[in-house]
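The following block contains the structure, expressed as structure tokens.
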Number of protein chains: 2
Amino acid sequence: MKLETRKEEIIKTATKLFKEKGYSAVTMRDIAKAMGIKAASLYNHINSKQHILRDIIISLAEEFTNGMQTVQLSEVSSIEKLRLIVALHVKITANSTYGMASLNNDWMHLEEQLDYYLELRDTYEENFRNILREGIKKNEIINSNLEIMLFSMLSTLRSLYLWIPKKEDLNTEELTQNLSHMLINGINK
Amino acid sequence: MKLETRKEEIIKTATKLFKEKGYSAVTMRDIAKAMGIKAASLYNHINSKQHILRDIIISLAEEFTNGMQTVQLSEVSSIEKLRLIVALHVKITANSTYGMASLNNDWMHLEEQLDYYLELRDTYEENFRNILREGIKKNEIINSNLEIMLFSMLSTLRSLYLWIPKKEDLNTEELTQNLSHMLINGINK
DNA sequence: AATAGTAACTAACAAGTGTTAGTTTATTGT
DNA sequence: ACAATAAACTAACACTTGTTAGTTACTATT
């Protein structure tokens, strides 16, 4: 059983750099330099640049998939399910702020795992859509354009990684509360 | 007076490719190939790859700056101003779907013009913030966390480019209407 | 017919790319 | 003390990158 701490350090460093400049603009020499070693040394711990991206994106995508599963199984109202989804996004994003940038912006650079990623994403969106649909059916949610509601909420949740790091004193509970309220009730007085 | 149609074709082609893979991952040979010519031929019309990015991003950023100016000068309620901002985003995004991807994801690859871009962006956000602030003061908008409201609305508006192309039968009027309603009143019944 | 402008080409460059091979050094468990 | 492992190194590879130089062909204006 390996501890793999060095490998994790590399992935962590790469994740930070990927957020700043994107996967394609970051070179193996950039990653090595940030760690104070030579590029060739990275290959004692990782298989390829592509594998780093894969590790970052797929693990996050699976976290979302698992979280959505839990939300679906919980026996609460549709509105409450939406609140749980907001909480899920806040939690994952707060723990992996940098990685969320890759998930959002570099997924198209996945090679072998691209199809798998797209499958996870499509399924996630479809589950989200179904929760909204159910809410409309049960008269908890306004019967407005389904896709626009989905798009609007997902956009905000997916962009969270851009805002969260700015708050030093992040209270995830409070953020979840405020954000849910805004997405559900709007800003009108 | 030059017509520059060829230059515009190059920028248009590049914009499309930039949206698919990002600025860094698109090569001059990619752009040339998409036009059926050789990479060196591009330089008869453009100065550099960097200048292409500059053209795409700065012109869009200035469009937003100008639009915001108009909104500020209009003598309507704060809520109505927000509706005008939504309309501005929908209009620009519908006209430049591909370019919006660069504006959102590749601005950090700007070189000489990076500071200018950041200035435009900061000013835009500050103006947006002031409209919300005024709305709260005049009791049109709930007195909730200002930054979260700003973040939430901007995220949705900035992500519009990802959804708009999926709608073939885009009715910008209707989209603006639905989106404004959602952002202002939420989804609660 | 001569000129200028537009737009393509081939060939080449210097620098940078991800990655491999082979080696050295330090640490750790027996 | 020995062997094994982890983790770094140098050197090099084949390929790709943005870009320049110099040239050729076509078209429109004088």
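Below, chains carry the letters A, B, ... as their sequence lines are ordered, and counting in each starts from 1.
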### Query
Which atom pair, heavy atoms only, marks the closest approach of Lys38(A) to Ala32(A)?
C-CB, 3.4 Å
### Query
How many Å lie between CD1 on Ile37(A) and P on dT10(D), as a whole number?
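Taking CD1 of Ile37(A) and P of dT10(D), I get 12 Å after rounding.
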### Message
In this structure, how many angstroms lie between the P atom of dT17(D) and the CG atom of Leu17(B), rounded?
### Response
13 Å
### Query
For Tyr23(A), is the NZ or CZ atom of Lys49(A) found under 6.0 angstrom from the centre of its six-membered ring and inside 45 degrees of the ring axis?
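That pair qualifies as a cation-pi contact.
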### Whole angstrom value for the distance that separates P of dA21(D) from CG of Asn44(B)
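Interatomic distance, CG of Asn44(B) to P of dA21(D): 13 Å.
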### Qualifying salt bridge (charged side-chain N to carboxylate O under 4.0 Å, His left out) pairs with a residue from residues 92-121 of chain B, counting only residues at least two apart or across chains
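The answer is Arg54(B)-Glu112(B).
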#### Entry: Within residues 37-68 of chain A or reaching into it, pairs that qualify as ring-ring contact (aromatic ring centres under 6.0 Å, His included) - sequence neighbours excluded
Phe64(A)-His89(A), Phe64(A)-Tyr124(A)
Might you list the N or O atoms of the protein lying below 3.5 Å from N or O atoms in nucleotides 16-20 of chain C, with each pair's distance?
residue, atom, partner, partner atom, Å
dG18(C), OP1, Lys49(A), NZ, 3.2
dG18(C), OP2, Met28(A), N, 2.9
dG18(C), N7, Arg29(A), NH1, 2.9
dG18(C), O6, Arg29(A), NH2, 3.1
dT19(C), OP2, Tyr43(A), OH, 2.5
dT19(C), OP2, Lys49(A), N, 2.9
dT19(C), O5', Tyr43(A), OH, 3.2

### Query
If only atom types and distance count, is the side chain of Ser41(A) paired as donor or acceptor with the main-chain N or O of Ile37(A) below 3.5 Å?
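No; judged by distance alone, with no hydrogens or angles, the pair does not exist.
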### Query
Closer than 4.0 Å, any side-chain N/O of Ser41(A) to the OP1 or OP2 of dA7(D)?
no
### Query
How long is the line joining NZ of Lys38(A) and C1' of dT23(C), in whole Å?
16 Å
### Query
What's the CD-C1' distance between Glu9(A) and dA7(D), to the nearest Å?
12 Å
### Task
Kindly say whether Asn66(B) contributes a backbone atom to a donor-acceptor pair with the side chain of Thr70(B) at under 3.5 angstrom?
yes
### Separation of atom NZ in Lys21(B) from atom P in dT16(D), rounded to whole Å
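It is 12 Å, rounded to the nearest whole Å.
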### Task
Can you tell me the distance, in whole Å, between the CZ atom of Arg6(A) and the C1' atom of dC9(D)?
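Checked: the CZ to C1' distance equals 14 Å.
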### Message
Check the phosphate of dA6(D) against His45(A), side-chain N and O only, distance under 4.0 Å to OP1 or OP2. Yes or no?
### Response
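Indeed not, no polar side-chain atom of His45(A) lies that close.
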